[in-house]
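The figures that follow rest on heavy atoms only: side chains count, while hydrogens, waters and symmetry mates do not.
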Amino acid sequence: MPVAVRELELDLDAFEGPFDLLLSLVLREELPLREIDLAAIIVTFVERLAEKGELDLDACGEFLILISALLELKARAMFPEEDAELSELEPEEAAEELARRLAEYRRAKEAAQFLRQRLDERRDLHFRLGPAPLAPVAERKLAPQAPEQLAAALRALAVEPPEPSVAHMALRFPPVSQFLDRWRSLLRRRSRFDFDQEVTGLSRVEVAVAFLALLELRKQNEIAIAQAAPFAPIRISRADAERSLSWNTVSA
């Protein structure tokens, strides 16, 4: 079976598929030719011929024509400044131009071989990461300092701090006797009063102590406490006034 050049299956880095599809993509400029390894295509074709075991002259001729065209297109794409046609030059000029190109190619090839040799020789060497050992060390300069100010700051730090005050954290309860005297004095002037009016402006602690004083007076039967409903104003009166009012009501 003869080798079909256009159906040659390729497996390249930039392309995978039949050779015919590669030609279509290149001609439509959908695939840059400079990314195609033409040498790998030639190797694939030669291996295909070797597998067949016979020389197909028609296939070889077609392949040479196609690969030559691809090589020329790739060379022009890689060296656009040298797109001049050699056929337009005189024979001597064409020979000089060809010699110049061959010389440049030889120099590039020798440079590539030199770099490859240098890489192989230094493959076991490793570059040092970080600044160069001879790099100047940046010197940190301090601003001008005043020794007197530093000494004063150190002396201030050496002074033992005062004990923190916790006076504001303690709850101070006024004595119950203070409100006992207050309620007794008030009841000597008046027969009754409203508790809520008399404690207006006092703190919650003072209101609680004032109420304890009322309970103490009620315990000693010195006052009478009345409240019309829950949370209604608390009315305080003298015990004898409450008994007199109760007796008058019963007599009537």
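A donor atom on one side chain and an acceptor atom on the other are found under 3.5 Å apart for Q220 and E216. Side-chain atoms of R48 and T44 form no donor-acceptor pair, as typed in the model, at a separation below 3.5 Å.
Atom CD1 in I236 sits 8.5 Å away from atom CG in D194 (nearest 0.5 Å). Separating the CG atom in L154 from the CD atom in Q149 is a distance of 12.0 Å, to the nearest 0.5 Å. Interatomic distance, CZ of R122 versus CZ of R118, reported as 4.0 Å (0.5 Å rounding). Here CZ of R182 is found 13.5 Å from OG of S177. Values are rounded to the nearest 0.5 Å. Rounded to the nearest 0.5 Å, atoms CG (L115) and CD (E110) are 12.0 Å apart. I234 contributes atom CD1, which lies 7.5 Å from atom CG of L214 (distance to the nearest 0.5 angstrom).
Annotation for E206 and P174: closest pair CG-CG, 4.0 Å, computed over non-hydrogen atoms. S237 and R192 get closest at one heavy-atom pair: CB-CB, 3.7 Å. Of all heavy-atom pairs spanning L49 and C60, the tightest one is CD1-SG, 3.7 Å.
Using a cut-off of 4.0 Å between Lys/Arg side-chain N and Asp/Glu carboxylate O, R190 and E198 are scored as salt-bridged.
Looking at E222, its side chain never comes within 3.5 Å of a backbone N or O of L217 through a donor-acceptor pair. A donor-acceptor pair is defined here as one N or O able to donate and one able to accept, closer than 3.5 Å; such a pair exists between the side chain of W183 and the backbone of A210.
Using a 4.5 Å heavy-atom cutoff, the side chains of F63 and I42 are in contact. For the pair L187/I223, a side-chain contact is recorded, criterion being any heavy-atom separation below 4.5 Å from C-beta on.
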- Give the C-alpha distance, both sets of side-chain angles, the deciding distance and a yes or no for side-chain contact (heavy atoms from CB on, under 4.5 Å) between Q117 and Q113. CA-CA 6 Å; Q117 181 180 1; Q113 292 177 353; over 6 Å; no
- Task: Kindly indicate, with the supporting measurements, whether the criterion side-chain contact (heavy atoms from CB on, under 4.5 Å) is fulfilled by F211 and V199.
- Result: CA-CA 9 Å; F211 189 75; V199 297; over 6 Å; no
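When the side chains of ILVMFWY residues are joined at heavy-atom separations under 4.5 Å, either directly or via intervening members, L64 and L70 end up in two distinct hydrophobic clusters. Using a 4.5 Å cut-off between side-chain heavy atoms of Ile, Leu, Val, Met, Phe, Trp and Tyr, with links allowed through other members, V43 and I67 fall into different hydrophobic clusters. Placement of V205 and L202 within a single hydrophobic cluster is found when ILVMFWY residues are connected by side-chain heavy-atom separations under 4.5 Å, directly or transitively.
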